[in-house]
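Heads up: the structure comes next, in structure tokens.
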Amino acid sequence: MHENVDELFEQIWKNYLEVTPTALKIHELLGAYEPKNIVNDHIALRTFNHKKIGLDKLAAHFIKVGYKECGEYHFDAKHLYAKHFEHTDPLKPKVFISELLLEKFSSGLQNSIHNLMDQIDERDVLKDNFIYSGRHWELDVKTYDLLLKESEYAAWTAAWGYRANHFTVSINYLNKFNTIQAVNETLKKAGFLLNTSGGEIKGTPEVLLEQSSTLADMYKVKFVDSEVEIPSCFYEFALRYKNDKGELYTGFVPASADKIFESTNTR
Ligand code: NI
């Protein structure tokens with residue numbers, strides 16, 4: 001596990017860009033207006049509630065570099081459980097980790113996932129690079145398609161393994177964009193596709209968090225039997241508001257996150 005928080009995020013960012021070329025273009029687009037002024041609000045990671053690689057196994061990598069658990073979330077319809085973690089330095093990105101509740105799915109899906117998990121070497125889970133190490137198992141197209149029928153999340157996680165599902169531009173730290181609407185309009189004008197599930201903007205000032213996101217890039221993945229282009233990762237945008245105490249809200253809004261998950265839907 002990494003000892004240095006910035007080094008960890010630098011590696012996660014590099015790994016994310018490898019399959020998310022759109023993120024770099026957007027980074028450059030916003031950065032061109034405001035060089036060095038892009039702060040990452042949070043990253044998100046996905047896993048299964050399997051004893052080898054559950055949420056807590058991923059969280060350990062962040063706790064090691066100064067993160068603390070700060071909130072938990074339930075997504076009943078998608079059968080997901082999540083926690084978010086914050087660093088003592090508020091400028092470090094928050095970390096949102098979710099896990100799929102395998103027992104809520106068919107025995108077919110459970111068997112498929114267990115077959116994949118059996119291939120993981122538990123020693124790898126403790127290694128420095130685990131959070132950005134990708135897939136630890138062989139996967140064929142038939143299994144991917146079967147998973148996709150029951151859970152887009154299961155299929156995505158089986159195909160991509162361990163890597164950031166998204167990074168997030170903090171609109172609070174942008175000077176030329178004060179609203180999420182302005183960010184969205186700039187992105188659309190430049191030709192980027194936004195996730196419109198639940199509307200382009202998820203959340204309101206009243207719930208203290210507004211979010212939007214691009215649709216995931218399409219990227220070729222090597223399966224055992226062939227190469228297939230599937231959704232990879234996306235870029236998110238977040239504007240946080242102050243609570244009654246005058247403090248910037250640092251949590252997540254389940255109704256919004258529920259729709260953000262759909263940024264990786266197949267299309
Ligand atoms: Ni997010």
Side-chain angles (χ1 to χ4, degrees), residues 8-9 12-13 15-17 19-20 22-24 26-27 30 38-47 55 58-59 61-62 67 69-75 77-78 80-87 90-100 131-132 151-153 156-157 160 162-174 177 179-180 183-184 187 192-205 207-217 231-241 248-265:
L8 172 61
F9 278 99
I12 297 171
W13 171 249
N15 171 257
Y16 163 79
L17 288 184
V19 300
T20 324
T22 285
L24 193 56
I26 291 172
H27 202 251
L30 300 178
I38 292 181
V39 170
N40 180 21
D41 180 86
H42 67 270
I43 64 162
L45 301 160
R46 295 177 173 185
T47 191
L55 192 164
L58 274 62
H61 286 263
F62 296 93
Y67 276 80
E69 192 182 317
C70 288
E72 63 165 0
Y73 311 90
H74 297 272
F75 301 92
K78 289 187 171 65
L80 293 167
Y81 173 68
K83 286 180 181 176
H84 101 263
F85 300 82
E86 295 178 26
H87 196 272
L91 277 176
K92 303 291 182 223
K94 288 167 267 299
V95 177
F96 183 92
I97 309 177
S98 56
E99 61 180 13
L100 191 73
I131 292 296
Y132 48 94
S151 164
E152 180 280 326
Y153 183 107
W156 189 94
T157 309
W160 292 107
Y162 298 97
R163 58 171 63 249
N165 167 265
H166 60 270
F167 273 69
T168 311
V169 174
S170 170
I171 299 172
N172 294 80
Y173 289 93
L174 298 174
F177 299 93
T179 66
I180 195 160
V183 170
N184 287 352
L187 293 171
F192 296 103
L193 299 174
L194 298 181
N195 169 0
T196 56
S197 175
E200 267 175 19
I201 299 168
K202 285 77 165 150
T204 60
V207 298
L208 307 179
L209 175 61
E210 289 180 305
Q211 294 164 276
S212 64
S213 61
T214 62
L215 285 177
D217 281 7
S232 57
C233 307
F234 59 91
Y235 215 172
E236 189 185 311
F237 312 91
L239 180 58
R240 294 182 179 276
Y241 291 85
L248 214 53
Y249 178 66
T250 59
F252 291 85
V253 178
S256 303
D258 189 75
K259 299 299 178 198
I260 293 279
F261 279 120
E262 294 171 20
S263 307
T264 53
N265 277 5

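Start at 1 and go down the list; that is how both ligands and their atoms are numbered.
The pair Lys202-Glu236 fails the salt-bridge criterion, with no side-chain N (NZ, NE, NH1 or NH2) lying under 4.0 Å from an Asp/Glu carboxylate O.
Put simply, CZ on Phe252 and CG on Leu209 are 7.5 Å apart, with the number rounded to the nearest 0.5 Å.
With a cut-off of 2.8 Å, the protein N/O/S atoms near the Ni ion (ligand 1) add up to 3.
Nearest heavy atom pair, residue Phe261 against residue Ser98, reads CE2-OG, 3.8 Å.
Taking the six-membered ring wherever Trp is involved, the centroid distance between the rings of Tyr73 and Phe96 falls below 6.0 Å.
A donor-acceptor pair is defined here as one N or O able to donate and one able to accept, closer than 3.5 Å; no such pair exists between the side chain of Ser212 and the backbone of Glu200.
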- Message: Let's go through Tyr16 and Trp13 carefully: what are the C-alpha distance in whole Å and the side-chain angles of both, what is the deciding distance for ring-ring contact (aromatic ring centres under 6.0 Å, His included) to 0.1 Å, and is it a yes or a no?
- Response: CA-CA 5 Å; Tyr16 163 79; Trp13 171 249; 5.6 Å; yes
